[in-house]
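Reading through the structure tokens given below for one structure.
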2 protein chains.
Amino acid sequence: MNKFYEIYLDIKEKIESGFYPAGQSLPSEHQMSQDYGVSRETLRKALLTLLENGYIQKQQGKGSIVLDIHRYNFPVSGLTSFKELQESQAIHSETIVVVNKKIPAPKFLVDAGLLDADEMVIYLIRQRLVDDEVIILDKDYIRCSIIEDLPTPKMENSLYDYIEHDLGMQIAYAKKEFTVDRVTKEDKKYMDLNSDTHVVVVRSDVFLEDTRFFQYTESRHRLDRFKFVEFARRNKV
Amino acid sequence: MNKFYEIYLDIKEKIESGFYPAGQSLPSEHQMSQDYGVSRETLRKALLTLLENGYIQKQQGKGSIVLDIHRYNFPVSGLTSFKELQESQAIHSETIVVVNKKIPAPKFLVDAGLLDADEMVIYLIRQRLVDDEVIILDKDYIRCSIIEDLPTPKMENSLYDYIEHDLGMQIAYAKKEFTVDRVTKEDKKYMDLNSDTHVVVVRSDVFLEDTRFFQYTESRHRLDRFKFVEFARRNKV
DNA sequence: CAGTGGTCTAGACCACAGG
DNA sequence: CTGTGGTCTAGACCACTGG
């Protein structure tokens, strides 16, 4: 493992355990680079990672201060899947695969320039149950040229887990879009909506490390159970 | 200005102008560091900034590939205010300050440990009009120990602009939370809701560079006009 | 194999905060 | 003034890609 990442994990641990309490300063970069026996630049990479993840705030001329954002509710951002979300929050939940079949590339993805007209995709619909209610409906379109088949039993677990662990592919980045849309017939059919008129829709274009378009996902959430938390830094200049 | 930031801007410009077309590789780091006359680490800082902002994707052993996310719709993430959002999208809009007064620290912020019980805050309510309809209602609670007064005319422009430009303070980071809530009497009073039952609510705890809590904002959006776009990278490990 | 990006170093100088 | 973080360098070695 990389030195800077080891150091990142070590300091992160010390912040979470209270060894470095919120509101207080970390030792200086010079000091810590000596303590860990690394160059200052390497130590600084570890601090940069802590900064990006909301653990510390740096101030030129003063030092690095420990934040307490992570005490109560740690923001789940980036590309997090339902499975990971569920695990991080220890929610009892279940997944039912409703549809899992190959279809020709849908027009809206061809028009968007994400797929070729003659391609095939795997069309996947999954119900996400929490406390025995379907509160999320996930619709996935996955490029067949990248994945031939998806075993339904695996999909009841995690799609990303299967792709990254079983297939050894790396998901890299996504463009995500949050809106609130009117419920469709499909929503009514598959979700427990109790007379809601709208759902939160999260649309994602997902890409692999080699920049190939891999998957389009539409995640439809019941209003009363939707929550998205983010730690954001202000971009200077 | 920093070398790495100058280089970042230069490459960003070349990507946006099509000099480096989407899908193609940038020159190698070694090559570019020579071209710009800087060390490789400095050149790499510029590339890191491009990576974070979704302009390129790097692949070990291969190179840096230009992405085309920014062609159509560039994700607005981080800490972006209504004013900046509006400018980036060239929307005709208007702001009306409805309330601007000092009140004692509200209980929910004291309970959250963000304010002391004996503090005062500036309570600000602003209507955001687009096409002559109030589609956003912003409610701000701003710490009086940091800002004494907010001139109402300035608030019709941008709060952040006033704080960073006129007062010379630096907003650093925020914890943001997105939910969908039932409309309140206040929403009905101040917003043009056409019989909607819900609004999107974005709650933010905003902090300064010295980690002082500065502001709590509740931004209430009409469902049909809400949209949030984000570029997200998957966190490895 | 050569060429790419990823990590790390030891040191330098600068900008800023605070006594 | 000292001590802090911010930037930059010149070079080294490693890991990965693809011919």
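Values in this document were obtained by computation on a predicted structure and should not be read as measured data. Chain identifiers are assigned alphabetically (A, B, ...) following the order of the sequence lines, protein sequences preceding nucleic acid strands; residue numbering begins at 1 within each chain.
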As a test of reading the structure: which of [options] is closest to the side chain of [X], going by heavy atoms?
X: A/E29; options: D/dG5, C/dG6, D/dG18; answer: D/dG5
X: B/K3; options: C/dA17, D/dG6, D/dT9; answer: D/dT9
X: B/R44; options: C/dG18, C/dG5, C/dA10; answer: C/dG5
X: A/S64; options: D/dG5, C/dC8, D/dC8; answer: D/dG5

Whole-Å distance separating the [atom1] atom of [X] from the [atom2] atom of [N]:
X: B/K45; N: C/dT7; atom1: NZ; atom2: P; result: 15 Å
X: A/L48; N: C/dG6; atom1: CG; atom2: C1'; result: 15 Å
X: A/M1; N: D/dA15; atom1: CE; atom2: P; result: 14 Å
X: B/Q57; N: C/dG5; atom1: CD; atom2: P; result: 13 Å
X: B/N2; N: D/dT9; atom1: CG; atom2: P; result: 11 Å
X: A/Q34; N: C/dG11; atom1: CD; atom2: C1'; result: 14 Å

If you restrict it to nitrogen or oxygen atoms, what contacts under 3.5 Å exist between nucleotides 13-15 of chain C and the protein, and what is each distance?
residue	atom	partner	partner atom	Å
C/dA15	N3	A/Q60	NE2	3.4

Short side-chain N/O contact from [X] to OP1 or OP2 of [N], under 4.0 Å:
X: A/S39; N: C/dA10; result: no
X: A/S28; N: D/dT4; result: yes
X: A/K62; N: C/dC16; result: no

Check: Got A/Y55 and A/T49 here, is their nearest side-chain heavy-atom distance under 4.5 Å?
Finding: no

Next item on the list: Report yes if the side chains of B/I163 and B/M169 come closer than 4.5 Å at any heavy-atom pair, otherwise no.
Entry: yes

Notebook entry, point to check: Hey, which of A/R143, A/K107, A/K102 is the one that makes salt bridge (Lys or Arg N to Asp or Glu O under 4.0 Å) with A/E119?
Noted result: A/R143

Margin query: Please determine whether side-chain contact (heavy atoms from CB on, under 4.5 Å) holds for the pair A/S33 and A/T42, giving the CA-CA distance in whole Å, both sets of side-chain angles, and the decisive distance to 0.1 Å.
Written below: CA-CA 8 Å; A/S33 64; A/T42 299; over 6 Å; no

Next item on the list: Flag the pair B/K58 and B/E29 as a salt bridge only when some basic side-chain nitrogen lies within less than 4.0 angstrom of an acidic carboxylate oxygen.
Entry: yes

Check: Does a side-chain N-to-carboxylate-O contact under 4.0 Å join B/E16 and B/K12?
Finding: yes

Check: If you fit an axis to the five pairs at each end of the helix from C/dC1-D/dG18 to C/dG18-D/dC1, how big is the angle between those two axes, to 10 degrees?
Finding: 10°

Check: Judged by atom type as modelled, is there a donor-acceptor pair below 3.5 Å linking the side chain of A/D140 to the main-chain atoms of A/I142?
Finding: no

Notebook entry, point to check: With nearest nucleotides of DNA chain C determined for B/E41 and B/L26 from heavy-atom distances, which residue corresponds to the more 5′ nucleotide?
Noted result: B/L26

Next item on the list: Using the side-chain contact (heavy atoms from CB on, under 4.5 Å) rule, pick out the option among A/L124, A/I125, A/L150 that qualifies with A/V97.
Entry: A/L124

Margin query: My understanding is that only one of A/I65, A/L48, A/L26 makes a side-chain contact (heavy atoms from CB on, under 4.5 Å) with A/I56; could you say which?
Written below: A/L26

